[in-house]
There are 2 protein chains.
Amino acid sequence: MNLQQLRYLQEIARRDLNISQAADALYTSQPGISKQIKLLEEELGIEIFVRNGKRIASITEPGRLVLDIAQRLLLEADNLKLVGQEFRSQDTGSLTIATTHTQARYALPPVVKQFIERYPGVKLNLHQGNPTQIAEQALNGEADIAIATEALDQYDELVTLPCYEWHHCLIVPQDHPLLNEDELTLAKLAEYPIITYDFAFSGRSKINQAFEAEGLTPNIVLSAIDADVIKTYVDLGLGIGIVAEMAFVPERDVRLRRLPLDHLLKSNVTRLALRRNEFLRGYTYHFIELFASHLTRDVVVNTLRKKKETLRE
Amino acid sequence: MNLQQLRYLQEIARRDLNISQAADALYTSQPGISKQIKLLEEELGIEIFVRNGKRIASITEPGRLVLDIAQRLLLEADNLKLVGQEFRSQDTGSLTIATTHTQARYALPPVVKQFIERYPGVKLNLHQGNPTQIAEQALNGEADIAIATEALDQYDELVTLPCYEWHHCLIVPQDHPLLNEDELTLAKLAEYPIITYDFAFSGRSKINQAFEAEGLTPNIVLSAIDADVIKTYVDLGLGIGIVAEMAFVPERDVRLRRLPLDHLLKSNVTRLALRRNEFLRGYTYHFIELFASHLTRDVVVNTLRKKKETLRE
DNA sequence: CTTGCTTACGAGACTCGTAATAATT
DNA sequence: AATTATTACGAGTCTCGTAAGCAAG
């Protein structure tokens with residue numbers, strides 16, 4: 001048994017049990033992988049894959065267990081390399097953040113600015129995507145940190161930490177009748193065409209819930225995946241917009257007005273996700289603390305080693 | 001980087017940083033280990049050991065981290081092998097219990113009897129030792145389960161589970177004046193020479209605490225590490241004995257009498273300890289459940305993956 | 001007939017043991 | 001002087017890539 005075999009195994013699992021694809025991904029030959037997997041199965045004395053003649057059909061039950069363990073093991077192997085890098089060169093390396101438009105555009109810029117000044121030797125990458133993509137990038141190590149408001153909680157292998165709480169707000173053209181209302185209600189909002197986030201983005205679920213709870217059906221005329229699109233169409237007069245409060249910038253959005261919705265919609269919590277048990281570089285802790293000052297190194301370390309909430313077995 | 005290098009590393013750490021001893025323990029050559037460690041250090045780009053010329057003096061800070069990770073990684077490697085064994089042959093293998101006299105002599109026999117009947121193919125080993133030895137055997141994998149009333153809680157790498165609660169009792173010769181007392185008090189006990197457990201065994205700490213709390217100094221004339229020795233000397237008239245209640249067997253100890261001490265001494269909890277994150281064979285779960293029926297497989301699985309209570313970093 | 005896994009085989013790399021060397025106690 | 005680590009070197013093994021074979025869809 002060796003690490004290489006386990007890497008092969010992991011890659012096969014990632015590539016839908018296709019050995020050829022795994023070979024391509026790892027820049028090696030397909031027969032090589034095939035043989036090593038055979039050897040591994042032989043050594044462990046179990047079949048990892050169910051084979052249909054010469055095709056791999058599925059994973060066996062013990063295979064699933066083996067895969068699980070192998071992944072934890074490989075994570076520790078990565079950690080070893082990271083420890084090396086950390087001590088070899090404290091402040092150089094790379095840091096990849098997977099996040100959504102809202103965070104990348106409105107929440108992260110000041111953090112990034114501070115970070116790159118402090119760590120000029122660290123190559124900072126931002127991957128933008130939807131919450132599911134983000135979570136998966138964190139899961140398979142493509143990203144070191146995932147930041148989003150939705151969907152991060154659904155993976156056993158990820159640890160999540162609350163970063164900050166925010167509310168939605170209403171944005172309307174500067175001459176809109178709603179600006180004269182004494183008290184905003186969902187019912188009044190429902191009278192106008194609404195432009196807001198696409199399903200699965202930036203707390204859209206909270207918006208749906210609120211209207212449903214009052215038996216209202218909002219007239220969503222456009223669902224966008226980012227606030228800039230929403231603001232553009234609100235400006236054009238297509239409807240009223242509901243966006244994250246961070247996304248309204250008075251200096252820039254001069255033709256729009258903001259109205260708070262704190263009392264109508266539940267608040268949202270933006271969270272970040274890390275791979276459980278991963279070793280983090282010193283600058284990664286620093287980045288996290290820059291983003292959410294309560295997430296000190298100690299807090300993060302403690303959470304990283306916490307128990308899983310649910311177990312599959 | 002490969003598993004072998006990490007095994008070498010682990011063994012060196014276990015053998016007080018002596019490469020020659022590690023080589024002996026692993027049945028390999030000393031230069032071989034030396035070289036592989038060098039290679040590992042080179043690959044990680046850090047020094048793991050502090051060298052004084054040609055002697056290894058200590059572990060560096062990054063080395064300690066590396067060692068920590070390596071141990072977790074190797075545990076998972078062991079787990080892979082165990083998964084193999086589990087599925088290859090469900091009911092054969094070995095199970096090693098490290099425990100104290102009290103448990104081995106009075107608590108375990110019925111469990112062992114049932115177990116060997118149910119699993120004739122499993123080689124069951126019992127290692128007797130003091131609580132510290134027991135914990136260490138569990139730690140380095142010499143034992144699969146440690147069972148004791150003391151000392152198990154002090155290791156990060158071990159998970160402990162409560163098995164059962166018990167009290168001490170007083171044993172006296174059949175004609176002893178204390179048998180005529182209406183109500184036993186610690187003060188009355190302190191009037192007689194006492195024979196009980198050695199420090200660090202079977203709840204001795206609870207006994208000391210109780211007397212101290214009342215400002216009494218018991219006259220301990222003999223401290224033994226097992227109840228059989230205690231009973232022998234009580235029978236000889238050397239004093240009165242305080243032992244675990246399980247250790248008194250009316251049918252056998254016919255010349256002695258038992259008096260309850262539940263109201264005078266705090267109760268004790270016997271616990272078992274497992275290595276955190278270890279994969280357990282099916283029959284191991286079964287053994288645990290035979291010993292403590294509330295410790296079902298699910299309960300144990302959940303605890304094994306729990307977070308550490310304290311972190312060193 | 002294309003995709004995908006396995007078998008066969010050989011070049012090159014790696015591991016490990018022995019022997020010699022050197023430093024520390 | 002004895003213990004212990006490093007260096008040197010060679011035999012044997014292992015890994016991996018190419019090429020050929022073969023089963024499944």
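Below, chains carry the letters A, B, ... as their sequence lines are ordered, and counting in each starts from 1.
The stretch residues 34-42 of chain A comes close to DNA chain C through A:S34, A:K38, each having a heavy atom under 4.0 Å from the strand. Residues from residues 1-26 of chain A that place a heavy atom under 4.0 Å from any atom of DNA chain D, listed by number: A:N2, A:Q4, A:Y8.
Residue pairs meeting the side-chain hydrogen bond (donor to acceptor under 3.5 Å, both in side chains) criterion with at least one partner in residues 19-40 of chain A, sequence neighbours excluded, are A:Q5-A:Q36.
The side-chain contact (heavy atoms from CB on, under 4.5 Å) test applied to A:T92 returns A:S89, not counting sequence neighbours. Judged as a salt bridge (charged side-chain N to carboxylate O under 4.0 Å, His left out), and not counting sequence neighbours, the contacts of B:R281 are B:E86. Listed by chain and residue number, A:V112, A:L124 satisfy the side-chain contact (heavy atoms from CB on, under 4.5 Å) test with A:I116 (two or more places apart in sequence, or in another chain). A:E136 is linked by a salt bridge (charged side-chain N to carboxylate O under 4.0 Å, His left out) to nothing, counting only residues two or more places apart in sequence or in another chain. B:D78 meets the side-chain contact (heavy atoms from CB on, under 4.5 Å) test with B:R275; sequence neighbours excluded. A:R118 pairs by the salt bridge (charged side-chain N to carboxylate O under 4.0 Å, His left out) definition with A:D91, not counting sequence neighbours. Not counting sequence neighbours, the partners of A:A98 by the side-chain contact (heavy atoms from CB on, under 4.5 Å) test are A:H127, A:I134, A:Q137, A:A143.
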Might you list the N or O atoms of the protein lying below 3.5 Å from N or O atoms in nucleotides 21-24 of chain C, with each pair's distance?
unit_1	atom_1	unit_2	atom_2	d
C:dT24	O2	B:R55	NH2	3.0

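The overall bend of the helix from C:dC1-D:dG25 to C:dT25-D:dA1, read as the angle between its terminal helix axes built from five base pairs each, is 40° when rounded to 10 degrees.
In summary, the aromatic rings of B:H286 and B:Y119 are positioned with their centroids under 6.0 Å apart.
At a threshold of 4.0 angstrom between heavy atoms, the contacts of B:S29 include nucleobase atoms, whether or not backbone atoms are also involved.
Other residues, nucleotides and ligands contribute only 12 or fewer heavy atoms inside 6.0 Å of the CD atom of B:E42.
Per the geometry, CD belonging to A:Q30 stands 14 Å off P belonging to C:dT3, to the nearest Å. Taking atom CZ on A:F49 and atom P on C:dC5, their separation rounds to 10 Å, with Å as the unit. Distance A:I33 CD1 to D:dG17 P: 9 Å, rounded to the nearest Å.
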If you apply the rule side chain to side chain donor-acceptor pair (under 3.5 Å), what do you find for A:T284 with A:D144, and how did you get there?
CA-CA 8 Å; A:T284 306; A:D144 301 302; 5.8 Å; no
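Side chains of A:N2 and A:Q4: a donor-acceptor N/O pair is absent below 3.5 angstrom, by distance only.
Looking at B:I56 and B:V50, their side chains never come closer than 4.5 Å, going by heavy atoms from C-beta outward.
Within the 4.0 Å cut-off from OP1 or OP2 of C:dT6, at least one side-chain nitrogen or oxygen of A:R51 is found.
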